[in-house]
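First the structure, in the form of structure tokens, and then the observations on it.
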Amino acid sequence: MKTLILFTVALSAVVLTGCGTSGSLRDYSDEASVLHRSMVTIDTHADTPIRLLRDDFDPAQWHTPSGDEGKIDFPRMKFGGLDAVFFAAFIAQGPRTQAGNEKAYAMVSAIIDSIHAVVNRNHDVAALAVASADAARIKASGKSAVYIGIENGYALGNDLSLVTKFYDLGVRYITLCHSKDDDICDSSSDTSSVKYDGLSAFGKRVVREMNALGMIVDISHVSDKSFYDVLALSTVPVIASHSCARALCNNPRNMDDAMLKALAENGGVIQVSLVSEFLKTPLVLPLRDSALQALRGKYSGIGHLSAEQRLMMKNERKDINARYPRPLPTVSDVADHIDHCVQVAGIDHVGIGTDFDGGGEVDGCFDVSEMKNITAELLRRGYSHNEIRKIWGGNFLRVFAQVEASAQNRRN
Ligand SMILES: [Zn+2]
């Protein structure tokens, strides 16, 4: 109740002053650093594994965050005060055929192998995490915790037995689909047609199987109807590993207030992402947009890019950014989404899933080394240490532990 009162006071200050903040981020950086040492911090979504497949990316090295050098490595995780991260084994939606499914499974398996290999190679600074309790244990040992998620249920094709197979490889959540419908459900961004009007029959079996195994269901990317179907079916809370609030940025990828309330009722959590187009409706910059579209078209047809081709693409993107700059959203925009989700869903149902290396970057938190700036902004807005602890991992770990316990009870 005390926190509620404090928070109400903080919100009143927003109304009274027209600006709910005082001081600069720097004024709160020491307090943020102390807080990060005492709490467990988790980012529930990063697409870093795309880089792990490359020979020239060593996550044990500190990389410069500019350009195409990636947002996460172990030294920067430490510096930024991030204790645990979910590396997403991502597969883009391809043909839903036997051959397509086999290729997707092979690709995701290779990415998972590469995550294991990277953690093993760096066992002095990192450790694989598979249980909710692992994050705190691994932090206490001074290492970075790496969890594994799968982004896109396409990796399962239409084979239910793969859920167990992936669970045994350490996967602890599956994002049911990506930007297109798969065999599990309709996607929020597939405008071609409504295939299932929510979850398919196979999708329902997948959700039940994940519940039974103790694997978290991730509803980021799914259509609104798919979301409600999942809530009606799942016997445990679910997560949105990287999503924002539709009230602040009207994009079908984001969650509207009714969904946020339903998620809170389910006991789940929305992990706010740092992706520009989901934080703020992008300004229309036709010259920039067409130049970037042409660039994507040019390189997407090539398939696996060589180091030389990647460098060419990077330089061409740099050139476009210099010619047609687009200002990034800021840490304050991220905090606006957190504020809104807290107001609608409650302080127990909000967290952070950056989508670093998948498009996540904002001014003030351009890479993992700047994570404490989010904390500083929340302190500046009047959040208590306990509330920030919940946002930075407490809420997500509660859901994770519930999912584990329910599966454990069924086994007993
Ligand atoms: Zn995503």
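Counting starts at 1 for both ligands and their atoms, in listed order.
- Remark: at the Zn ion (ligand 1), atom OE2 from E151 and atom NE2 from H242 enclose 90°, rounded to the nearest 10 degrees.
- A distance of 6.0 Å or more separates the ring centres of H242 and F278.
- Within the 4.5 Å cutoff, no side-chain heavy atoms of F400 are placed close to those of P237.
- At a cut-off of 2.8 Å, H45 does not coordinate the Zn ion (ligand 1) through any N, O or S atom.
- For a distance bound of 2.8 Å, the N, O or S atoms of H178 include none lying that close to the Zn ion (ligand 1).
- The atom name of the N/O/S atom in H221 closest to the Zn ion (ligand 1) is NE2.
- Paired with E361 under the rule side chain to side chain contact (heavy atoms under 4.5 Å, CB included), one option of L328, L274, D367 passes, and it is L328.
- The shortest distance between side-chain heavy atoms of C365 and M371 falls below 4.5 Å.
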